[in-house]
Amino acid sequence: MGATLWEKPELYIENSPLFQLPKVKTPVMIMSNDADGAVPWYQGIEMFTALRRLGKPVWLLQYNGEAHNLVLRQNRKDITIREQQFFDHFLKGAPMPVWMDKGVPAVDKGKDWGLELEK
C-alpha cells in the first residue's frame, strides 16, 4: 500500500471491507472453514460478528477439517442443501429452515442438522 498502518491509517481503513459493512443491505451467508489455507478462518468470524453487531441478517457455516473448497461428500451435500434453502427463503419466500431461524449449537453439530423447515 506504499505506507505502514501508522504512517497512513486512512489507506488501511479505505481498503478494509470491515469499514464497508454498514452499507450491506442483503442477507449474507459466510463459509469459513478451520483448515482453509487461502482465507484465515478468523476473518470469516470477524465479518460475521461485525455484521451481527450491525443488526444485519448473516449466517456462518463452518466445516471442521475442510479447506477453502469442501472435499468431503457429506459436507458438499450439506452446503448445497443450505444454499438452496437460503435462496429459496429470500428469493422465493419459502419457509425459513431451523438452522437459519434458531441456529445449530456447536455441541449439536453433526447430530442435529437443523435442515427442517419452520411451519
Side-chain angles (χ1 to χ4, degrees):
M1 297 226 292
T4 68
L5 172 63
W6 300 273
E7 293 168 338
K8 294 198 176 181
E10 67 279 358
L11 288 177
Y12 289 81
I13 291 170
E14 221 175 87
N15 286 288
S16 171
L18 192 63
F19 293 98
Q20 303 304 316
L21 294 180
K23 297 177 187 175
V24 171
K25 296 190 184 330
T26 58
V28 178
M29 183 167 61
I30 301 166
M31 180 179 74
S32 181
N33 302 325
D34 61 1
D36 192 332
V39 179
W41 58 269
Y42 55 83
Q43 287 185 346
I45 294 170
E46 289 169 351
M47 185 174 183
F48 171 76
T49 302
L51 287 167
R52 286 286 300 256
R53 287 181 176 164
L54 289 166
K56 308 289 184 175
V58 60
W59 291 265
L60 176 66
L61 303 177
Q62 198 272 329
Y63 295 92
N64 298 105
E66 290 276 26
H68 195 70
N69 296 308
L70 299 176
V71 174
L72 296 175
R73 182 174 173 82
Q74 176 180 329
N75 292 339
R76 291 193 322 244
K77 182 176 179 182
D78 182 77
I79 198 165
T80 300
I81 293 167
R82 291 180 198 277
E83 286 175 341
Q84 184 71 53
Q85 289 178 330
F86 180 84
F87 288 113
D88 282 352
H89 174 70
F90 285 110
L91 299 178
K92 297 181 178 181
M96 186 176 274
V98 170
W99 68 270
M100 286 177 64
D101 185 35
K102 296 180 176 59
V104 176
V107 295
D108 293 335
K109 195 171 168 181
K111 297 181 255 178
D112 177 10
W113 299 93
L115 296 174
E116 58 278 354
L117 300 178
E118 292 286 317
K119 295 186 183 356

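Computed over heavy atoms, backbone and side chain alike; hydrogens, waters and symmetry mates excluded. Numbers here are sequence positions counted from 1. Everything numeric in this text was worked out from a predicted model, so none of it was measured.
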* Between Glu7 and Thr4, is there a donor-acceptor pair closer than 3.5 Å when you use the side chain of the first and the backbone of the second? -> yes
Report whether Phe87 and Leu115 are members of the same hydrophobic cluster (ILVMFWY, side-chain heavy atoms less than 4.5 Å apart, transitive linking). yes
Ala3 and Lys8 have their tightest heavy-atom pair at CB-CG, 3.8 Å
- Message: So Asn75 and Ile79, do their side chains get closer than 4.5 Å, heavy atoms only?
- Response: no
Go through Phe90 and Met100 one step at a time and tell me if the side-chain contact (heavy atoms from CB on, under 4.5 Å) criterion holds. CA-CA 11 Å; Phe90 285 110; Met100 286 177 64; 3.4 Å; yes
For Tyr12, the other hydrophobic cluster members (4.5 Å side-chain criterion, sorted by chain and number) are Met1, Leu5, Trp6, Leu11
Does any non-hydrogen side-chain atom of Leu117 lie less than 4.5 Å from one of Pro97? yes
Between the OG1 atom in Thr49 and the OH atom in Tyr42, the distance rounded to the nearest 0.5 Å is 14.0 Å
Next item on the list: Begin with the C-alpha distance, continue with both residues' side-chain angles, and end with the deciding distance and a verdict on side-chain contact (heavy atoms from CB on, under 4.5 Å) for Leu72 and Arg76.
Entry: CA-CA 6 Å; Leu72 296 175; Arg76 291 193 322 244; over 6 Å; no
Pair up each side-chain donor or acceptor in residues 31-38 with any protein partner under 3.5 Å, not counting sequence neighbours, and list the distances.
from	atom 1	to	atom 2	distance (Å)
Ser32	OG	Trp41	O	2.7
Asn33	OD1	Tyr63	N	3.0
Asn33	ND2	Ala67	O	2.8
Asp34	OD1	Gly65	N	2.6
Asp34	OD2	Asn64	ND2	3.2
Asp36	OD1	Ala38	N	2.7
Asp36	OD1	Val39	N	3.0
Asp36	OD1	His68	ND1	3.3
Asp36	OD2	His68	ND1	2.8

Exercise for the section: Take atom CD of Gln74 as the centre, draw a 6.0 Å sphere, and report whether it contains more than 12 heavy atoms from other residues, nucleotides or ligands. Expected result: no
Of all heavy-atom pairs linking Leu60 and Gly44, the shortest is CD1-O, 4.3 Å
Value for CD1 (Ile30) from CD (Gln43), rounded to nearest 0.5 Å, stands at 11.5 Å
Those residues at least two apart in sequence (or on a different chain) that pass salt bridge (charged side-chain N to carboxylate O under 4.0 Å, His left out) with Asp78 are Arg82
For Gln85, the side-chain hydrogen bond (donor to acceptor under 3.5 Å, both in side chains) test, sequence neighbours excluded, returns Trp99
May I ask whether Val28 and Phe48 are part of the same hydrophobic cluster, defined by side-chain heavy atoms of I, L, V, M, F, W, Y residues being less than 4.5 angstrom apart, directly or through others? yes
Look at the side-chain heavy atoms of Ile, Leu, Val, Met, Phe, Trp and Tyr, link any pair under 4.5 Å apart, and say whether Leu91 and Trp59 land in one connected group.
yes
**Study point:** Side-chain touch Pro105/Asp108, heavy atoms, less than 4.5 angstrom
**Key:** yes
Value for CZ (Arg53) from CG (Leu51), rounded to nearest 0.5 Å, stands at 11.5 Å
So if you build clusters from Ile, Leu, Val, Met, Phe, Trp, Tyr with side-chain heavy-atom gaps below 4.5 Å, do Trp113 and Leu61 land together?
yes
- Cluster link Ile81 to Val98, ILVMFWY, side chain under 4.5 Å: no
Determine all donor-acceptor pairs shorter than 3.5 Å in which one atom belongs to a side chain in residues 17-25; sequence neighbours excluded.
from	atom 1	to	atom 2	distance (Å)
Gln20	OE1	Lys23	NZ	2.8

Residue set satisfying salt bridge (charged side-chain N to carboxylate O under 4.0 Å, His left out) with Lys92, at least two apart, ordered chain then number -> Asp88
Value for CZ (Phe86) from CE (Met96), rounded to nearest 0.5 Å, stands at 9.0 Å
